Participant: 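Input: one structure, supplied below.
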Amino acid sequence: MLNAMTAKDVTKKILANESLFILDVRNEDAFADWKIEGASVEHKNVPYFELMDGVEEILGQIPSENVLVVCAKEGSSIFVGEMLVEAGVKNVSYLQGGMKAWSEYLEPVKVADLTDGGTLWQFVRIGKGCLSYLVESEGSAMIIDSTRMVDQYISFAEAKGLKVVHVADTHLHADHISGGRMLREATNATYWLPPKDAEEVTFDYAALEDGVEITVGTTKVAVQAIYSPGHTIGSTSFVVDNRFLLSGDILFVESIGRPDLAGKAEDWVADLRETLYSRYKELSEELMVLPAHFGTMSEVGEGGLVAARLGDLFENNAGLNIEDEAEFRKLVSENLPPQPNAYQEIRQLNMGKINPTDDEQRDMEIGPNRCAVHG
């Protein structure tokens, strides 16, 4: 019998460091571009069309039990999985919803209890590398850098009896579709955006400017905006509870943000350096950095949390240790990874200028996160 395994099931296995063997039947180029990763994950990529006449030729190349078959949407993996079962492979599963479902699953991870009784949560979009946050206090909640899968935040909030009162984006996202407007419509929350990133948006928003403080709940869990340009001209960081630095796409655990996704790499390199090497240097080294993305599974810590102490990043993150300004400029303007899929269209959508269907939005986001510059 063929079993169904959900994206949540797979995530739990990966975070628990359980061994997992994946037979990925997508085309070789799709597999090379983006796949399910983890410290104890093994892969075998054999395109579906090579298995249409049977799986006998690969039986010696895969385990005799405990195989997860993966494809883009699930249909091909069910077909191949059933053939494996018939061939005698035990405990065969397929990924329900395929890689599209993998791209959309959010795993809520508790970061910490806050000083005044609230809690900070990180939502890990493990298949895409996106990180979003929920600050809760006294029955109220604020969501930062929401993905378009807003039902998952809303269900989480409802289960905890929370009213979403604030929504914010640290910047105008280019690699994923923001759920900010959808959350505002669903919850009537105030939607905060940096005005320098929002000059072309077609909707109303609250201006997220340097020094703004947003209160969540009656216990006054402070969320302070710090203007920190570089990834975009309006990129803004938050300090939550004087303990956590939500760095957006400016600073990651193992890398720094790329400044080119609005076509302004040369113009914004100096801003990026100023933010990382001056503004962030003035902050407490004890702050826990919580970025908006991770690039590799090596950045995912125990329990799924992606975080690092700011002082440790100044010691260990190569992007924060380039003394020569010309060398820094070369790194962040020339040595860049491929740009995210459909990033121009995603920017237009996040401005409210286009309105693609759900399927079109899903296709726009397929693929890995590419927001970082690695030193």
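Here the structure is a predicted model, which means the values were calculated and not measured.
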Participant: Give a yes or no answer on whether the side chain of Glu299 reaches the backbone of Glu254 with a donor-acceptor pair at less than 3.5 Å.
Facilitator: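 Indeed, once roles are kept as given, a pair shorter than 3.5 Å links the two residues.
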
Participant: Say whether Ile154 and Val165 are linked into one hydrophobic cluster, either directly or through other cluster members, by side-chain heavy-atom distances under 4.5 angstrom.
Facilitator: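 No: no chain of side-chain contacts under 4.5 Å links Ile154 to Val165.
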
Participant: Would you please indicate if the ring centroids of Phe238 and Tyr133 are separated by under 6.0 Å?
Facilitator: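 Not under 6.0 Å, so no.
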
Participant: Quick one, Asp359 with Arg362, criterion salt bridge (charged side-chain N to carboxylate O under 4.0 Å, His left out). Give me CA distance, side-chain angles, the key distance, then yes/no.
Facilitator: CA-CA 5 Å; Asp359 283 344; Arg362 193 171 285 119; 2.9 Å; yes

Participant: Under 3.5 Å, side chain of Glu18 to main-chain N/O of Ile14, donor-acceptor pair present?
Facilitator: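 No, because the side chain of Glu18 does not come within donor-acceptor range (under 3.5 Å) of the backbone of Ile14.
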
Participant: Please give me the minimum heavy-atom distance between Asn17 and Ser40, naming the atom from each residue.
Facilitator: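 Asn17 and Ser40 have their closest heavy atoms at OD1-OG, 2.9 Å.
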
Participant: Quick test of your reading of the model: are Lys128 and Asp175 salt-bridged, counting only N-O distances below 4.0 Å?
Facilitator: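 Salt bridge between Lys128 and Asp175, a charged N being under 4.0 Å from a carboxylate O: no.
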
Participant: Are the side chain of Gln152 and the backbone N or O of Leu106 linked by a donor-acceptor pair below 3.5 Å?
Facilitator: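 Such a contact is found between Gln152 side chain and Leu106 backbone.
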
Participant: Rounded at 0.5 Å granularity, tell me how far CZ in Arg148 sits from CD1 in Ile346.
Facilitator: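 These two atoms lie 9.0 Å from each other.
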
Participant: Both conditions, 6.0 Å and 45 degrees, for the charged tip of Arg184 above the ring of Tyr191: are they met here?
Facilitator: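 That pair does not qualify as a cation-pi contact.
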
Participant: List the steps, then state whether side-chain contact (heavy atoms from CB on, under 4.5 Å) holds for Val164 with Val167.
Facilitator: CA-CA 8 Å; Val164 180; Val167 178; 4.0 Å; yes

Participant: Would Arg273 and Asp271 count as a side-chain contact (heavy atoms from CB on, under 4.5 Å) if you check the C-alpha gap in whole Å, the side-chain angles of each, and the deciding distance to 0.1 Å?
Facilitator: CA-CA 5 Å; Arg273 186 174 177 87; Asp271 288 323; over 6 Å; no

Participant: What is the minimum heavy-atom distance between Ala101 and Ala7, and which atoms define it?
Facilitator: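 In this case the closest contact between Ala101 and Ala7 is O-CB, 3.9 Å.
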
Participant: Checking Asn317 side chain against Ser255 main chain: does a donor-acceptor pair fall under 3.5 Å?
Facilitator: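 Confirmed, Asn317 side chain pairs with Ser255 backbone.
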
Participant: So Glu107 and Lys8, salt bridge (charged side-chain N to carboxylate O under 4.0 Å, His left out) or not? Walk me through it.
Facilitator: CA-CA 7 Å; Glu107 173 74 11; Lys8 180 176 182 177; over 6 Å; no

Participant: Check whether any side-chain heavy atom of Ile126 sits under 4.5 Å from a side-chain heavy atom of Trp102, and report yes or no.
Facilitator: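 A side-chain contact exists here, since the closest heavy-atom pair is under 4.5 Å.
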
Participant: Measuring centre to centre across the rings, with the benzene-like ring taken for any Trp, is His43 within less than 6.0 Å of Phe31?
Facilitator: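 Ring centroids of His43 and Phe31 are less than 6.0 Å from each other.
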
Participant: Quick one: does any side-chain atom of Gln361 pair with a main-chain N or O of Pro356 as donor and acceptor, under 3.5 Å?
Facilitator: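 Pair found, side chain donor or acceptor close to backbone of Pro356.
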
Participant: Are more than 12 heavy atoms from other residues, nucleotides or ligands located less than 6.0 Å from atom CG of Asp324?
Facilitator: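 Counting other residues, nucleotides and ligands, CG of Asp324 exceeds 12 neighbours.
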
Participant: Side-chain donor-acceptor pair under 3.5 Å between Tyr153 and Thr147, yes or no?
Facilitator: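 Result is yes, a qualifying pair exists.
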
Participant: Please report the C-alpha distance between Val69 and Phe79 in whole Å, then the side-chain angles of each, then the deciding distance to 0.1 Å, and finally whether the side-chain contact (heavy atoms from CB on, under 4.5 Å) criterion is met.
Facilitator: CA-CA 10 Å; Val69 189; Phe79 182 80; over 6 Å; no

Participant: Quick check: do Gln122 and Leu290 have side-chain heavy atoms less than 4.5 Å from each other?
Facilitator: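 With C-beta onward as the side chain, the pair touches.
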
Participant: With a 3.5 Å distance limit and no angle check, can you tell me whether Asp241 reaches the backbone of Leu114 through a side-chain donor-acceptor pair?
Facilitator: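 Side chain of Asp241 to backbone of Leu114, a donor-acceptor pair under 3.5 Å: no, none is there.
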
Participant: Measuring from atom CD of Glu185 to atom OG1 of Thr187, what distance do you get when rounded to the nearest 0.5 angstrom?
Facilitator: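 It is 9.5 Å, given to the nearest 0.5 Å.
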
Participant: Just by distance, do the side chain of Thr275 and the backbone of Arg279 share a donor-acceptor pair under 3.5 Å?
Facilitator: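 It does not hold such a pair.
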
Participant: Mark yes or no: Lys281 above the aromatic ring of Phe314, with NZ or CZ under 6.0 Å from the six-membered ring centre and no more than 45 degrees from the axis.
Facilitator: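 Output yes; distance and angle both within limits.
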
Participant: Hey, which of Thr236, Asp249, Asp197 is the one that makes side-chain hydrogen bond (donor to acceptor under 3.5 Å, both in side chains) with His171?
Facilitator: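 Output: one option passes, namely Asp249.
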
Participant: Should the ring pair His176 and His173 be called parallel, tilted or perpendicular, given that the plane angle runs from 0 to 90° and is split at 30 and 60?
Facilitator: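 Geometry flag for His173 against His176: tilted rings.
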
Participant: Any side-chain heavy atom of Leu59 sitting closer than 4.5 Å to one from Leu84?
Facilitator: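 Yes - at least one pair of side-chain heavy atoms lies under 4.5 Å apart.
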
Participant: Tell me, do Pro47 and Glu28 make a side-chain contact under 4.5 Å, heavy atoms counted?
Facilitator: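 The answer is yes; the side chains approach within 4.5 Å.
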
Participant: Within a 6.0 Å radius of atom CD on Glu323, are there more than 12 heavy atoms belonging to other residues, nucleotides or ligands?
Facilitator: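 12 or below, so no.
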
Participant: Would a hydrophobic clustering, with Ile, Leu, Val, Met, Phe, Trp and Tyr connected at side-chain separations under 4.5 Å, put Val25 with Phe21?
Facilitator: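 In one cluster with Val25: Phe21, yes.
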
Participant: Mark yes or no for whether Ser76, through its side chain, and Cys71, through its backbone, hold a donor-acceptor pair below 3.5 Å.
Facilitator: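 Not at all, since once roles are kept as given, no pair shorter than 3.5 Å links the two residues.
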
Participant: Are Leu23 and Trp34 co-members of a hydrophobic cluster defined by side-chain heavy atoms under 4.5 Å apart?
Facilitator: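 No; Leu23 is not reachable from Trp34 via cluster members.
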
Participant: Give, for atom CG of Leu51 and atom CD1 of Ile58, the distance between the pair rounded to the nearest 0.5 Å.
Facilitator: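 Here the interatomic distance stands at 5.0 Å.
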
Participant: Could you check whether atom CG of Asp29 has more than 12 heavy atoms from other residues, nucleotides or ligands sitting under 6.0 Å from it?
Facilitator: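 Buried by this count: over 12 neighbours within 6.0 Å.
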
Participant: Can you tell me how far NZ of Lys196 sits from OG of Ser235, rounded to the nearest 0.5 angstrom?
Facilitator: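 Going from OG on Ser235 over to NZ on Lys196, the span is 11.5 Å.
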
Participant: Quick check against the 3.5 Å criterion: does Glu74 have a side-chain atom that pairs as donor or acceptor with the backbone of Gly97?
Facilitator: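 Indeed, once roles are kept as given, a pair shorter than 3.5 Å links the two residues.
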
Participant: Ser140 and Gly217: which non-hydrogen atoms are nearest, and at how many Å?
Facilitator: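 Nearest heavy atoms, Ser140 then Gly217: CB-N, 3.7 Å.
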
Participant: Does some side-chain heavy atom of Lys110 sit less than 4.5 Å from a side-chain heavy atom of Thr119?
Facilitator: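 SC-SC contact between Thr119 and Lys110 confirmed.
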
Participant: Between Met364 and Leu349, is there a side-chain heavy-atom distance shorter than 4.5 Å?
Facilitator: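 Yes - at least one pair of side-chain heavy atoms lies under 4.5 Å apart.
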
Participant: Are Val124 and Val111 linked, directly or through intermediate hydrophobic residues, by side-chain heavy-atom contacts shorter than 4.5 Å (ILVMFWY only)?
Facilitator: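 Looking at the clustering, Val124 is in the same group as Val111.
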
Participant: Rounded to the nearest 0.5 Å, how far does OG of Ser77 lie from CG of Leu2?
Facilitator: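 It comes to 7.5 Å.
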
Participant: Within the 3.5 Å criterion, strictly below it, is a donor on Tyr280 or Ser237 matched to an acceptor on the partner's side chain?
Facilitator: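 Side chains of Tyr280 and Ser237: pair found under 3.5 Å.
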
Participant: CD of Glu50: more than 12 outside heavy atoms within 6.0 angstrom?
Facilitator: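 Counting neighbours around CD of Glu50, more than 12 heavy atoms of other residues, nucleotides or ligands fall under 6.0 Å, so yes.
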
Participant: Any idea which heavy atoms bring Ile322 and Ala318 closest together, and the distance?
Facilitator: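 Heavy atoms of Ile322 and Ala318 come nearest at CG1-O, 3.5 Å.
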
Participant: Is there a path of hydrophobic side-chain contacts, each under 4.5 Å between heavy atoms of I, L, V, M, F, W or Y residues, that connects Tyr48 with Val70?
Facilitator: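 Each belongs to a different hydrophobic cluster.
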
Participant: As a quick check of understanding, evaluate side-chain contact (heavy atoms from CB on, under 4.5 Å) for Thr11 and Tyr105, giving each step before the final call.
Facilitator: CA-CA 9 Å; Thr11 300; Tyr105 174 67; 3.4 Å; yes

Participant: Between the main-chain N or O of Asp169 and the side-chain N or O of Asp145, is there a donor-acceptor pair closer than 3.5 Å?
Facilitator: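 No: the side chain of Asp145 does not pair with the backbone of Asp169.
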
Participant: Less than 3.5 Å apart, any donor N or O on the side chain of Arg125 or Ser103 sitting next to an acceptor on the other?
Facilitator: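 Looking only at side-chain atoms, Ser103 and Arg125 do form a donor-acceptor pair, the distance falling under 3.5 Å.
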
Participant: Considering non-hydrogen atoms only, spot the tightest contact between Leu272 and Gly257 and give its length.
Facilitator: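 For Leu272 and Gly257, the tightest heavy-atom pair comes out as CD2-O, 3.3 Å.
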
Participant: Going by heavy atoms in the side chains, are Met1 and Val85 under 4.5 Å from each other?
Facilitator: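 Of all side-chain heavy-atom pairs linking Val85 with Met1, none is under 4.5 Å.
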
Participant: How close do Pro194 and Gly234 get, counting heavy atoms only, and between which atoms?
Facilitator: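 Smallest interatomic distance, heavy atoms only, reads CB-O, 3.1 Å.
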
Participant: Looking only at the side chains, is there a donor atom on one of Ser178 and Asn350 sitting less than 3.5 Å from an acceptor on the other?
Facilitator: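 No, no side-chain donor-acceptor contact under 3.5 Å.
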
Participant: Hey, what do you get for CE (Met297) to CD1 (Ile36), rounding to the nearest 0.5 Å?
Facilitator: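 That separation rounds to 10.5 Å.
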
Participant: Are Leu131 and Phe294 packed together at the side-chain level, in the sense that at least one heavy-atom pair is separated by less than 4.5 angstrom?
Facilitator: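 SC-SC contact between Leu131 and Phe294 confirmed.
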
